[in-house]
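Reviewing the structure listed below.
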Amino acid sequence: MKLKDNFTFRTVRKKILMVSKLAGILLILSYILSTKLEIEPDLSLALWFAFVIAIVLVVDLLMGHFISKPVSRLSQTARKMAKLDFSAPCTITTNDEFGELALSLNTMADNLQQTLAKLEAANIQLEKDVEQERRLLAERKELTDQLSHEMKTPLGVIRAYAEGLQDEPDQAKKQKYSEIIIAETERMSGLITTLLDLSALETGASRLIPERFDFVEFLETVAGRLLIDVPNANFELRYELPEHKAYVYTDKTRMEQVLDNLIVNARKNVRPGGALKLSLLEQSGILHFSIYNQGPGIPQENLSKIWRKFYRDSNSKYSGSGLGLAIVAQILSMQQLDFGVKNCSDGVEFYFSIPTVS
């Protein structure tokens, strides 16, 4: 230990010893001085007593500064920390044990804050995981119920024709029964494939892979395949497309699904001999797609329901498997694109918008 360390105030003990020694020395000096003064003994005693009181007050002030106030601050900070209130750290900055204790308390408070923040984040994540698990369980149950319901009809048809096939002697009827069984089997396979694809999109197992491409040429290709090259088409096709290229950045395969489902839906529901209009307009960097089919409208109360899985309305022609429009809604929603459906004066129009890129 260095010699100068004996004369520093880096510990509370040394501060108390120095104050007490100084007070003792002052008391002794004051007593000697009061006895040496050539005054009356009573006055000398009174002066010495006053000096003793002054020394006691000074010692009390120093003890309060060195001990009482730091202890009070430490106690106040500790009480706040016990209530998980870390808003006011301890402000003691002395070089003694109280300063070290204050630094330790502040460090502990910081560590507790970080730990509590991590714990809170973990709890939030756990709540999300639990909610996600509940949602997935609910979706699995819904999927199972819906799939079971959808499979009843084709399975019943397959069973009926399979039983008829066993006892039917007519070869022509056997051939017809076999074709019906194959068709129903393909229908079930397509339904299951579509449902699994939709489920993968909803749960995030399948993600979009965007790329840049000309949407005008893309739409012409898809529409030509579905509308122009269709045998025995009984509708009047109208279209309005930009004469220039319009590039977008999105998943090309998924957007083809969107167009396929919307165009097939319109083709299926167009009135015999009625108009089917395809439109693509560009305005302020946005492509507005719409497809209109002349025919029966959709009941107003059902407009928002047609995007649901397996939605059917016995009074509407817009039924099908109920998965095509659900896939359209899911793909467009994943890209936060505006889409919808509306009744027109003599038909129905489906639409969506997508921004262009340079």
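The figures here come from the full heavy-atom set of this structure, side chains too, leaving out hydrogens, waters and symmetry mates.
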Run the side-chain contact (heavy atoms from CB on, under 4.5 Å) test against [X] and tell me which residues pass, sequence neighbours left out.
| X | value |
| --- | --- |
| Y249 | P210, R212, V357 |
| K176 | I180 |
| A275 | R238, Q294 |
| E282 | H244, A246, L287, T356 |

Qualifying residues under salt bridge (Lys or Arg N to Asp or Glu O under 4.0 Å), relative to [X], sequence neighbours excluded:
| X | result |
| --- | --- |
| K173 | none |
| D197 | R254 |
| E256 | R225 |
| E163 | R159 |

Looking at [X], I'd like to know if its [atom1] atom is crowded, meaning that more than 12 non-hydrogen atoms belonging to other residues, nucleotides or ligands lie closer than 6.0 Å.
| X | atom1 | value |
| --- | --- | --- |
| E133 | CD | yes |
| Y161 | OH | no |
| E179 | CD | yes |

Just verifying a value: how many Å separate [X] [atom1] and [Y] [atom2], rounded to the nearest 0.5 Å?
| X | Y | atom1 | atom2 | answer |
| --- | --- | --- | --- | --- |
| M255 | L219 | CE | CG | 9.5 Å |
| T253 | I209 | OG1 | CD1 | 7.5 Å |
| D214 | Y247 | CG | OH | 5.5 Å |
| D338 | I354 | CG | CD1 | 12.0 Å |
| K277 | L237 | NZ | CG | 11.5 Å |
| L262 | R267 | CG | CZ | 13.0 Å |

Can you check whether [X] reaches [Y] side chain to side chain, under 4.5 Å on heavy atoms?
| X | Y | result |
| --- | --- | --- |
| R134 | L137 | no |
| P296 | N269 | no |
| S279 | Y239 | no |

Q.
Run the side-chain contact (heavy atoms from CB on, under 4.5 Å) test on Y292 and L276 for me, step by step, so that the C-alpha distance in whole Å, both residues' side-chain angles and the decisive distance to 0.1 Å come before the verdict.
A. CA-CA 6 Å; Y292 163 83; L276 192 153; over 6 Å; no
Following the transitive rule for hydrophobic clusters with a side-chain heavy-atom cut-off under 4.5 Å over Ile, Leu, Val, Met, Phe, Trp and Tyr, establish whether [X] and [Y] coincide in one cluster.
| X | Y | answer |
| --- | --- | --- |
| V258 | Y351 | no |
| L281 | L337 | no |
| I181 | L155 | yes |
| F235 | V264 | yes |
| L103 | M108 | no |

Output side-chain donor-acceptor pairs under 3.5 Å for residues 329-336, partner residues at least two apart or in another chain, one line each.
residue	atom	partner	partner atom	Å
S333	OG	A329	O	2.6
Q335	OE1	T250	OG1	2.3
Q335	NE2	I331	O	3.3

If every non-hydrogen atom of [X] is compared with every non-hydrogen atom of [Y], which pair is closest and at what distance?
| X | Y | value |
| --- | --- | --- |
| I158 | E184 | CG1-CB, 3.7 Å |
| P272 | N234 | CB-ND2, 3.4 Å |
| V248 | P355 | CG1-O, 3.6 Å |

Q. For K245 and V216, what are the C-alpha separation, side-chain angles and deciding distance, and is it a side-chain contact (heavy atoms from CB on, under 4.5 Å)?
A. CA-CA 6 Å; K245 295 180 181 295; V216 179; 6.0 Å; no
**Q.** All pairs passing ring-ring contact (aromatic ring centres under 6.0 Å, His included) where residues 185-222 contributes a residue, at least two apart
**A.**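 For residues 185-222: F213-F218, F215-F218.
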Q) Taking atom types as modelled, is there a side-chain donor on Q171 or Q175 under 3.5 Å from an acceptor on the other? A)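 Not at all, the side chains of Q171 and Q175 share no donor-acceptor pair under 3.5 Å.
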Backbone of [Y] reached by a side-chain donor or acceptor of [X] within 3.5 Å:
| X | Y | answer |
| --- | --- | --- |
| S189 | T185 | no |
| N343 | I298 | yes |
| N261 | L325 | no |

Q: Would you list the pairs meeting salt bridge (Lys or Arg N to Asp or Glu O under 4.0 Å) in which at least one residue belongs to residues 343-358, sequence neighbours left out?
A: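 Residue pairs passing salt bridge (Lys or Arg N to Asp or Glu O under 4.0 Å), neighbours aside: R271-D346, K342-E349.
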Q: Enumerate the residue pairs fulfilling side-chain hydrogen bond (donor to acceptor under 3.5 Å, both in side chains) with a member in residues 107-122, sequence neighbours excluded, ordered by first and then second residue.
A: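 Sorted pair list comes back empty.
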Q. Hey, would you say the F352 and F339 ring centroids sit under 6.0 Å apart?
A.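 No.
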Q: Evaluate side chain to side chain donor-acceptor pair (under 3.5 Å) for N123 paired with E127, printing each intermediate quantity in order.
A: CA-CA 6 Å; N123 285 336; E127 289 178 2; over 6 Å; no
Q: Could you walk me through whether L61 and L57 pass side-chain contact (heavy atoms from CB on, under 4.5 Å), step by step?
A: CA-CA 6 Å; L61 181 64; L57 292 176; over 6 Å; no
